[in-house]
Peer 1: 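Take a look at this one; I'll ask things after.
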Amino acid sequence: MFKQKKFLGQNFLINDKIIPDIIKVAEIKKDDVVIEIGPGLGILTKALIDAGAKVYAIEKDFELAEMLRKALGKNKNLTIVHQDALFFDLSIFKKYKVVSNLPFNIASPLIRKFLESQNQPELMVVMVQKEVAEKIVAKPGDSERGILTLAVEFYANAEIIMTVSKNSFRPQPQVDAAILKLQPYPHTRYADKVGSKLFFQIVKAGFSAKRRQIRNSLAATLRLEKDKVTDILKKAQIDPSLRAEDLTLKQWFVLCNVLKNYQF
Ligand code: SAM
């Protein structure tokens, strides 16, 4: 008997009515290459193969990888990889999609790994905790907007497709889930122009004290005089009394452009 490993975020999907929605949103066509992180018992894996995809299923749990090998291993369109997906090498892939019910506990670093890669997927359709999905799509002015929101918005368009009740999983998690569609833009759109290092340094500084005005959090973290920061914000046409969560992606870019001429 298989015993669930909580530390691996093993909440298996038992409501197979959701599967066709995932396949549809991911627009799976014959011969699509799909990376599935955490295939578990293979409910989604089988549907992906049935839809014609060539699936690379990356499973960290050796016991589950072996169970999946026994159940679906003979299928020539399935490659089972027993590995931690955080360390999975993406360089061999040309064009691929990511379709997964992600282990909730490491959903954010996994999403960031794929989006930040030089070899991004053409599309990601992933199930995550509803709260995480809401953080990712939070618009300016929403208190949920934070570093994760911008880390995704910098690389992709994000959309919540639907929420999924926690009753759809066994064992049942504490919270509901949501299906998230992430459509990456090429790095040339923002990342190569603005520079991800500077962008994240400034975003982190801005969010270092979430409740404070942007002027104060930037001054404290970047060790700049408050008057200087007020000047910088004026040059960027940003009201210094706003909070980090109020800024649009474009405003962060303008701020980066002004700040790159300063020593901090
Ligand atoms: N796809 C299955 C389903 O929908 O029922 C299982 C989803 S379950 C939420 C997450 C799966 O990810 C589990 O099979 C777990 O063992 C696996 N997992 C957890 N951490 C992982 C990691 N770092 N790399 C690869 N797989 C991981």
Side-chain angles (χ1 to χ4, degrees), residues 1-26 28 32 34-51 53-73 75 77-90 92-93 96-117 121 124-133 136 161-182:
M1 252 289 272
F2 176 75
K3 198 168 171 302
Q4 172 242 12
K5 300 174 188 74
K6 217 172 169 188
F7 71 99
L8 287 178
Q10 292 177 349
N11 300 99
F12 302 104
L13 188 62
I14 51 155
N15 178 0
D16 55 11
K17 289 199 186 79
I18 291 155
I19 303 281
D21 292 314
I22 299 178
I23 301 291
K24 192 167 161 220
V25 178
I28 300 298
D32 270 358
V34 174
I35 296 180
E36 186 194 2
I37 299 148
L41 299 164
I43 180 169
L44 181 57
T45 323
K46 175 145 187 340
L48 287 163
I49 297 168
D50 289 347
K54 293 190 189 317
V55 181
Y56 289 79
I58 322 300
E59 177 55 66
K60 185 172 174 180
D61 184 345
F62 178 71
E63 206 182 342
L64 280 179
E66 283 307 297
M67 282 169 77
L68 193 65
R69 222 181 284 286
K70 281 192 188 121
L72 298 177
N75 202 302
N77 282 341
L78 175 63
T79 307
I80 300 167
V81 183
H82 169 228
Q83 199 190 345
D84 184 332
L86 284 171
F87 301 105
F88 184 60
D89 178 12
L90 299 174
I92 57 159
F93 292 91
Y96 69 99
K97 295 175 178 173
V98 174
V99 183
S100 297
N101 174 15
L102 290 177
F104 285 180
N105 48 342
I106 54 160
S108 306
L110 280 169
I111 290 174
R112 292 188 65 170
K113 170 191 167 85
F114 283 91
L115 294 182
E116 287 168 14
S117 162
M124 292 182 83
V125 178
V126 289
M127 189 124 65
V128 297
Q129 283 182 3
K130 188 167 160 254
E131 282 80 359
V132 172
I136 287 177
I161 300 297
M162 60 188 267
T163 54
V164 178
S165 159
K166 58 187 176 188
N167 297 327
S168 299
F169 304 90
R170 280 293 173 281
Q172 189 175 304
Q174 304 278 343
V175 289
D176 290 335
I179 298 174
L180 197 60
K181 179 178 175 183
L182 303 172

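First listed ligand is number 1; within each ligand, the first listed atom is number 1. Count residues from 1 along the sequence. Reckoned from all heavy atoms, side chains included, excluding hydrogens, waters and symmetry mates. The model shown is predicted, which means the values in this text are computed figures rather than measured ones.
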Peer 1: Which protein heavy atom lies closest to atom 1 (N) of ligand 1, and at what distance to 0.1 Å?
Peer 2: Gly38 O, 2.8 Å
Peer 1: Can you report which non-hydrogen protein atom sits closest to atom 8 (S) of ligand 1, along with the distance?
Peer 2: Gly9 O, 3.5 Å
Peer 1: Is the closest heavy-atom distance from Thr45 to ligand 1 below 4.0 Å?
Peer 2: no
Peer 1: Can you find a pair of side-chain heavy atoms, one from Lys113 and one from Leu90, that are under 4.5 Å apart?
Peer 2: yes
Peer 1: Can you find a heavy atom in the side chain of Ile28 that is under 4.5 Å from one in the side chain of Val99?
Peer 2: yes
Peer 1: Are there more than 12 heavy atoms of other residues, nucleotides or ligands under 6.0 Å from atom OH of Tyr56?
Peer 2: no
Peer 1: Which ligand 1 atoms, with their elements, are less than 4.0 angstrom from a heavy-atom of Gln83?
Peer 2: 24 (N), 25 (C)
Peer 1: Do me a favour and list the nearest non-hydrogen protein atom to atom 20 (N) of ligand 1 with residue, atom name and distance?
Peer 2: Pro103 CG, 3.6 Å
Peer 1: Pick, from Asn101, Leu86, Leu13, the option with the minimum heavy-atom distance to atom 5 (O) of ligand 1.
Peer 2: Leu13
Peer 1: Compare all side-chain heavy atoms of Leu115 with those of Met124 and state whether any distance is below 4.5 angstrom.
Peer 2: yes
Peer 1: For ligand 1, which atoms, with element, lie under 4.0 Å from some heavy atom of Pro39?
Peer 2: 1 (N), 2 (C)
Peer 1: Backbone N or O of Phe7 within a donor-acceptor pair of the Asn105 side chain at under 3.5 Å?
Peer 2: yes
Peer 1: Below 4.0 Å from ligand 1: does a non-hydrogen atom of Lys5 turn up there or not?
Peer 2: no
Peer 1: Would you indicate which of Met127, Arg170, Gln10, Glu59 comes nearest to atom 14 (O) of ligand 1 when only heavy atoms are counted?
Peer 2: Glu59
Peer 1: Taking the side chain as everything from C-beta on, heavy atoms only, tell me whether Val132 gets closer than 4.5 Å to Ile111.
Peer 2: no
Peer 1: If we only count heavy atoms from C-beta on, is the Ile43 to Asn101 side-chain gap below 4.5 Å?
Peer 2: no
Peer 1: Side chain, backbone, both or neither: which part of Asn105 has a heavy atom under 4.0 Å from ligand 1?
Peer 2: neither
Peer 1: Under 4.0 Å from a heavy atom of Ile58: which atoms of ligand 1 are those, numbered in the order shown and with their elements?
Peer 2: 25 (C), 26 (N)
Peer 1: Is the closest heavy-atom distance from Leu41 to ligand 1 below 4.0 Å?
Peer 2: no
Peer 1: By number and element, which atoms of ligand 1 are closer than 4.0 Å to a non-hydrogen atom of Phe12?
Peer 2: 5 (O), 6 (C)
Peer 1: Check for me whether the distance between the ring centres of Phe114 and Phe93 falls short of 6.0 Å.
Peer 2: no
Peer 1: Test your reading of the structure: does Ala85 have an N or O sitting under 3.5 Å from an N or O of ligand 1?
Peer 2: yes
